[in-house]
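Here the structure is a predicted model, which means the values were calculated and not measured. Counting starts at 1 for both ligands and their atoms, following the listed order.
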Amino acid sequence: MSTADPATVSTDLEIPSRALAIGAHPDDVDFGCGATLAKWAEAGCVVHYLVCTDGSKGSWDPDADLAELIAIRQNEQRAAAKALGATGEVVFLGWPDGELDSGLRQRWQVSYWIRRLRPDVVLGHDPWKRYRLHPDHRHAGFLTVDAVVAARDPHFFPEHAIPHHRPSALLLFEADQADHVEVFDQTHLARKLDALEAHRSQLRSTMAVDETTDDVDEQLASFRARVQDRATEHGALADATLGEAFKLIAKL
Ligand SMILES: [Zn+2]
């Protein structure tokens, strides 16, 4: 993420009535914008999730039962949404993890959910983040952007047979060039941590917390410290104590 001059960084959108956060895998939304969603949910926003893949590569165990892993990860994502205070839908598109594409078929699906859930704000991965390795994050980002365009105009996918919908803002997390910060307090950060830790199957591979070792408390503390440090770093872009940074696209 490039550093921005606080003078050019906007802060705090008006609390939306409805928000839709789109992630490649279960846990991406919670990492990318969990505290912002917790803040909005507390203020009455209906927060929806859309997860593009089934999360079936999220294990280091070569003998893992993948059908079981998919079900576990869906339940973890629902628990994480609840931990944030999200009261909306948690939708899973179920594309195989690692094989997400951003083609017309997927755009059809994502734009359908934008039209159906009618969010004021859509949040998703920044597809233009440089040197990003994971293809699912790149594809989920392009899908988010492309689906907003398809959802807003009536002649795209008329077979949806539901009214078109134009969100008022798009916030891209993991931003290549952040220019907007949502500011929050420790209670929202605590809810983000609760949500992240609800992804128990990912503790070891993603959060470097191995529950089978004696120093699990220490590992958990250093994971929490890393999340806190990131929030401090993002908040500082706007001269605030804690924040999540985004690229804001407001002309939709
Ligand atoms: Zn991911």
Side-chain angles (χ1 to χ4, degrees), residues 1 19-38 47-61 64 66-81 83-84 86 89-103 106-107 109-110 113 122-147 170-176 178 191-209 223-224 226-227 230-231 234 244-247:
M1 186 175 66
L20 171 63
I22 301 171
H25 310 105
D27 81 8
D28 286 330
V29 162
D30 305 304
F31 271 109
C33 57
T36 299
L37 298 178
V47 171
H48 301 285
Y49 281 62
L50 189 151
V51 179
C52 297
T53 74
D54 61 10
S56 57
K57 301 285 195 295
S59 171
W60 285 355
D61 174 6
L66 296 187
E68 191 183 58
L69 178 63
I70 291 167
I72 288 171
R73 297 203 68 186
Q74 290 194 352
N75 286 335
E76 289 172 344
Q77 184 62 90
R78 289 187 197 99
L84 286 187
E89 306 233 11
V90 182
V91 177
F92 299 94
L93 297 185
W95 291 96
D97 193 346
E99 298 169 22
L100 183 64
D101 200 356
S102 44
Q106 293 82 6
R107 193 189 309 171
Q109 293 181 316
V110 178
W113 283 104
V122 173
L123 308 95
H125 300 267
D126 180 351
W128 296 287
K129 183 180 172 65
R130 276 169 281 189
Y131 313 124
R132 181 199 278 291
L133 284 187
H134 204 306
D136 288 348
H137 294 168
R138 205 162 55 234
H139 284 295
F142 279 119
L143 266 180
T144 302
V145 172
D146 297 349
L170 174 59
L171 287 176
L172 300 175
F173 51 79
E174 302 155 358
D176 195 67
R191 272 182 223 136
K192 172 173 181 158
L193 284 165
D194 288 345
L196 289 170
E197 289 166 29
H199 296 279
R200 301 201 72 77
S201 68
Q202 305 304 296
L203 283 180
R204 189 160 169 229
S205 57
T206 306
M207 302 165 202
V209 177
F223 167 68
R224 288 175 185 156
R226 287 196 298 279
V227 174
R230 179 62 64 90
H234 282 200
E244 283 170 340
F246 301 92
K247 172 69 189 177

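When you scan the N, O or S atoms of His25 for the one nearest the Zn ion (ligand 1), you land on ND1.
Within the 2.8 Å limit, His137 places at least one N, O or S atom next to the Zn ion (ligand 1). Distance check for Asp28 against the Zn ion (ligand 1): an N/O/S atom falls below 2.8 Å.
His139 has its ring centre no less than 6.0 Å from the ring centre of His125.
Side-chain contact between Arg132 and Glu174 is present, with at least one heavy-atom pair separated by less than 4.5 Å.
Applying the 6.0 Å contact sphere to CZ of Arg78 captures more than 12 heavy atoms from other residues, nucleotides or ligands.
The only member of Gln77, His137, Arg73 that meets side-chain hydrogen bond (donor to acceptor under 3.5 Å, both in side chains) when paired with His25 is His137.
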